[in-house]
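Values in this document were obtained by computation on a predicted structure and should not be read as measured data. Computed from heavy atoms alone, side chains included, the values below leave out hydrogens, waters and symmetry copies.
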Amino acid sequence: MENKDKITKAINDWFLKFDKIKEFAEIHTEELPEEVETLSLQRSGVENLPTRYIGEKCCYKQYQYILLLKNMSEDDSQRLKSLDWLDDLSDWIHQQNLKRDYPILENKQVKKVSCANGITYETDEEENVTIYYIQLYFDIKGGNLNG
């Protein structure tokens, strides 16, 4: 298994600490299933971040993900409930930063987690099911600048 797969799994496992995740059976990786009331964690990019100190031999990278929430949206109350869920997730991530409670990685360390844009992403033609989207950023220290 490659490091990036280990990172995604560690992030997925970390999200299971969020109590409201239990409203869903599991977090799927990379693919959003056909079922409703489901989540999918998908990697959307990796960027190198500048090192913090001269002569530092490790590197900083920002691993970027999107978390998709697929839920019923037949009326305003269902849509608002899903957006509230994303707001609660954002608040939980902020609390984890304050506590420095991050995903546990092998040979690397998460230094910061942030999120943005908890939005309505896509609605089906009948407007019964909506996919919601939140961007996630994991700043991770570790590895070697030469490799």
Side-chain angles (χ1 to χ4, degrees), residues 1-73 78-125 129-147:
M1 180 183 281
E2 293 180 31
N3 275 346
K4 65 181 179 182
D5 297 323
K6 289 179 182 177
I7 291 170
T8 300
K9 181 176 180 343
I11 291 169
N12 192 326
D13 291 347
W14 178 73
F15 274 122
L16 296 177
K17 293 180 175 182
F18 177 53
D19 286 337
K20 292 191 174 200
I21 282 285
K22 295 173 180 94
E23 296 173 11
F24 306 95
E26 62 185 303
I27 304 171
H28 299 273
T29 303
E30 296 302 326
E31 296 292 327
L32 189 61
E34 290 296 318
E35 302 94 46
V36 180
E37 296 182 354
T38 190
L39 297 163
S40 176
L41 181 66
Q42 301 175 4
R43 185 181 291 196
S44 58
V46 178
E47 282 187 39
N48 288 323
L49 298 174
T51 56
R52 297 179 185 216
Y53 304 103
I54 295 173
E56 198 164 31
K57 296 192 185 324
C58 70
C59 60
Y60 289 89
K61 292 185 179 183
Q62 184 179 79
Y63 288 77
Q64 302 160 358
Y65 288 85
I66 56 173
L67 183 71
L68 299 174
L69 163 64
K70 188 181 207 182
N71 225 345
M72 296 301 297
S73 60
Q78 288 176 324
R79 289 185 285 276
L80 292 172
K81 182 180 176 191
S82 293
L83 290 170
D84 284 344
W85 190 92
L86 290 177
D87 288 343
D88 290 344
L89 176 62
S90 177
D91 292 343
W92 180 81
I93 288 170
H94 176 71
Q95 290 300 315
Q96 300 319 295
N97 271 315
L98 294 175
K99 296 189 286 187
R100 299 185 193 278
D101 181 6
Y102 300 124
I104 305 298
L105 304 175
E106 186 178 317
N107 301 319
K108 295 181 188 233
Q109 184 179 18
V110 176
K111 301 304 268 180
K112 180 182 175 187
V113 179
S114 57
C115 59
N117 300 326
I119 59 172
T120 301
Y121 180 65
E122 182 179 294
T123 302
D124 69 352
E125 290 180 19
V129 176
T130 298
I131 298 171
Y132 302 88
Y133 171 110
I134 190 166
Q135 293 173 290
L136 305 163
Y137 305 98
F138 294 84
D139 293 357
I140 296 175
K141 177 183 178 182
N144 190 322
L145 287 174
N146 299 325

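When side chains are defined from C-beta on, Ile93 counts as touching Phe15, because their heavy atoms get closer than 4.5 Å.
Partners of Lys112 under the salt bridge (Lys or Arg N to Asp or Glu O under 4.0 Å) rule, at least two apart in sequence or in another chain, do not exist in this structure. Not a single salt bridge (Lys or Arg N to Asp or Glu O under 4.0 Å) links Asp91 to another residue, sequence neighbours left out. Judged as a side chain to side chain donor-acceptor pair (under 3.5 Å), and not counting sequence neighbours, Glu122 has no contacts. Scanning for salt bridge (Lys or Arg N to Asp or Glu O under 4.0 Å) contacts around Asp87 gives an empty result, with sequence neighbours left out. With sequence neighbours excluded, the residues satisfying side chain to side chain donor-acceptor pair (under 3.5 Å) with Asp19 are Lys22. Residues meeting the salt bridge (Lys or Arg N to Asp or Glu O under 4.0 Å) test with Asp124, sequence neighbours left out: none.
Distance CD1/Ile7 to CD/Glu106: 10.5 Å, rounded to 0.5 Å. Atom-to-atom distance recorded for Leu89:CG and Ile134:CD1 is 5.0 Å, nearest 0.5 angstrom. Distance CD1/Ile104 to CG/Asp13: 10.5 Å, rounded to 0.5 Å. Separating the CG atom in Leu69 from the OG atom in Ser82 is a distance of 5.0 Å, to the nearest 0.5 Å. Between Ser114 atom OG and Gln64 atom CD the span is 9.5 Å, to the nearest 0.5 Å. The distance from the CD atom of Gln135 to the CD1 atom of Ile119 is 7.5 Å, given to the nearest 0.5 Å.
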Practice item. Kindly determine whether Phe18 and Ile27 satisfy side chain to side chain contact (heavy atoms under 4.5 Å, CB included), including the steps that lead there. Key: CA-CA 12 Å; Phe18 177 53; Ile27 304 171; over 6 Å; no
**Study point:** Gln62 vs Ile140, side chain to side chain contact (heavy atoms under 4.5 Å, CB included): CA-CA, chis, key distance, verdict
**Key:** CA-CA 6 Å; Gln62 184 179 79; Ile140 296 175; over 6 Å; no
Point to revise | side chain to side chain contact (heavy atoms under 4.5 Å, CB included) between Thr130 and Tyr121, intermediate numbers included | key: CA-CA 7 Å; Thr130 298; Tyr121 180 65; over 6 Å; no
Exercise for review: Take Val46 and Phe138 through the test side chain to side chain contact (heavy atoms under 4.5 Å, CB included) and record every step on the way to the result.
Suggested key: CA-CA 9 Å; Val46 178; Phe138 294 84; over 6 Å; no
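In this structure, the side chain of Ser40 engages the main chain of Glu31 through a donor-acceptor pair within 3.5 Å. With hydrogens and angles ignored, the 3.5 Å screen pairs no side-chain donor or acceptor of Asn71 with any backbone N or O of Gln78. Checked by atom type and distance alone, the side chain of Glu30 pairs as donor or acceptor with a backbone atom of Arg43 at under 3.5 Å. When atom types are taken as modelled, the side chain of Asp139 and the backbone of Lys111 share no donor-acceptor pair closer than 3.5 angstrom.
Of all heavy-atom pairs spanning Asn48 and Lys61, the tightest one is OD1-CE, 3.2 Å. When all heavy atoms of Pro103 and Ala10 are compared, the closest pair comes out as CB-O, 3.8 Å. In terms of heavy-atom proximity, Trp85 sits nearest to Lys20 at NE1-O, 3.2 Å. Heavy atoms only, all atoms of each residue included: Tyr137 and Ala116 are closest at CE1-CB, 4.1 Å. Here the closest non-hydrogen pair linking Lys70 and Ile131 is CG-CG1, 4.1 Å.
Atom NZ of Lys81 has 12 or fewer neighbouring heavy atoms from other residues, nucleotides or ligands inside a 6.0 Å radius.
Taking the six-membered ring where the residue is Trp, Trp92 and Trp14 present tilted rings, their angle falling between 30° and 60°.
A donor-acceptor contact closer than 3.5 angstrom is absent between the side chains of Thr8 and Tyr63.
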